[in-house]
Amino acid sequence: MHIGTTLTNYIIETQRNFKGATGEFTGLLNDIAVACKKISDLVNKGDLVDILGSADSENVQGETQKKMDVISNEIFMEALQHNGHVAGLASEEVDDICRMPKDAPRGHYLVLFDPLDGSSNIDVNVSVGTIFSILKASPHPGDPTTEDFLRPGTEQVAAGYCLYGPSTMMVLTTGQGVNMFTLDRHFGEFLLTHENITIPEDTKEFAINASNMRFWEAPVKRYIDECLQGKEGPRGKDFNMRWVASMVAEVHRILTRGGIFMYPMDEKIKAKGQGGKLRLMYEANPMSFIIEQAGGASTTGRERIMDMKPEHIHQRVPVVLGSKNEVDLVTAYHRS
Ligand code: AHM
Ligand code: MG
């Protein structure tokens, strides 16, 4: 595909190779692109349109919602519910799986999404993003059940995110590599700007919220301690650290120049009775699919994330992802 081609054209061309393609998947990705363009437009306007700050609500996880969390969720739902491309939707911001409007035609896909990840960053004008994961719906009559959504990451047919940064970028995998599209605001299209992204296997850059250091488990302490020792330590090289607190920005940096990102299990998370900080279905699985498709690795520290059998829709898991050799090392420390 040539650099500069539109996302729509790219999807049509790649679907052409699939026997039996009906255009539904193309339509679905198009719906997602439309939703992301709308969210991008609002995020970009910021204070001009009174969308910053907190809403008077909490989400299912007891977190205060930002106005833009609520608005982005509505935009995404609205863009996907009516076109006959999805059988069901699940959102990080909504308690239960979403009931589809009665009169809307049903499609064959399930979409799980985090409408605005990293939204705690939005008031300070730092990058945020939308993350999505697409599954094929089970072929049974009637609307999908929660059980239908609880499928391992290996069953995703596509995943992606849209990063609302200095430029807006859509990053997409359909299981055949990872491609990046940049939004040309002038004429409102995502254009292919990077093809077949690969993550370097080695890196000198790690990302972790170091304020949690005292709560970390021994393998994480060991790994970071060795990185911090630099050239004189067992790793024999100096490391750099980055923490944006916006997973989409973090993953985007890793796809661009390598690195390792960790939100590991720690004592504070355990005390809350949670399995991790990040959500398996809306964050960990789609990002793992993208990272693996770019040649990186993604584990909980103990097991491959995409092999996990989900137990509930808002399940949280520890996440270690990025440059393969570093992720393998962290995983080996957990296993030893
Ligand atoms: P959110 O979905 O409520 O925005 O939370 C997820 C975000 C990730 O983007 C980011 O990696 C992490 O939370 C940052 O956590 P912390 O504030 O503990 O550094
Ligand atoms: Mg999130």
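Order of listing sets the numbers, starting from 1, for every ligand and every atom in it.
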Contact table, ligand 1 N/O with protein N/O, distance under 3.5 Å:
{"residue": "ligand 1", "atom": "2 (O)", "partner": "E92", "partner atom": "OE2", "Å": "2.9"}
{"residue": "ligand 1", "atom": "2 (O)", "partner": "D114", "partner atom": "OD2", "Å": "3.4"}
{"residue": "ligand 1", "atom": "2 (O)", "partner": "D117", "partner atom": "OD1", "Å": "3.0"}
{"residue": "ligand 1", "atom": "2 (O)", "partner": "E283", "partner atom": "OE2", "Å": "3.1"}
{"residue": "ligand 1", "atom": "4 (O)", "partner": "G118", "partner atom": "N", "Å": "2.7"}
{"residue": "ligand 1", "atom": "9 (O)", "partner": "D117", "partner atom": "OD1", "Å": "3.4"}
{"residue": "ligand 1", "atom": "9 (O)", "partner": "D117", "partner atom": "OD2", "Å": "2.7"}
{"residue": "ligand 1", "atom": "9 (O)", "partner": "M247", "partner atom": "N", "Å": "2.6"}
{"residue": "ligand 1", "atom": "18 (O)", "partner": "N209", "partner atom": "ND2", "Å": "3.4"}
{"residue": "ligand 1", "atom": "18 (O)", "partner": "Y263", "partner atom": "OH", "Å": "2.6"}
{"residue": "ligand 1", "atom": "19 (O)", "partner": "N209", "partner atom": "ND2", "Å": "2.9"}
{"residue": "ligand 1", "atom": "19 (O)", "partner": "W243", "partner atom": "NE1", "Å": "3.0"}

Exercise for the section: Rounded to the nearest 0.5 Å, what's the gap from NE2 on H2 to CD on E13? Could you check? Expected result: 10.0 Å
Handout entry: For the Mg ion (ligand 2): the N/O/S atom of E283 at shortest distance
Key = OE2
Can you name the residues that form a salt bridge (Lys or Arg N to Asp or Glu O under 4.0 Å) with [X], not counting sequence neighbours?
X	result
D95	none
R253	E205, E250
E74	none

Handout entry: Side chain to side chain, Q315 and R279, heavy atoms closer than 4.5 Å
Key = no
Handout entry: Candidate pair N73 and S91, rule side-chain hydrogen bond (donor to acceptor under 3.5 Å, both in side chains), full reasoning
Key = CA-CA 7 Å; N73 189 61; S91 165; 2.6 Å; yes
Exercise for the section: Give a rough value, rounded to 10 degrees, for the angle at the Mg ion (ligand 2) between atoms OD2 of D114 and OD1 of D117. Expected result: 90°
Handout entry: CA sep, side-chain torsions, deciding dist, call: N240, K204, side-chain hydrogen bond (donor to acceptor under 3.5 Å, both in side chains)
Key = CA-CA 6 Å; N240 185 30; K204 292 181 181 177; over 6 Å; no
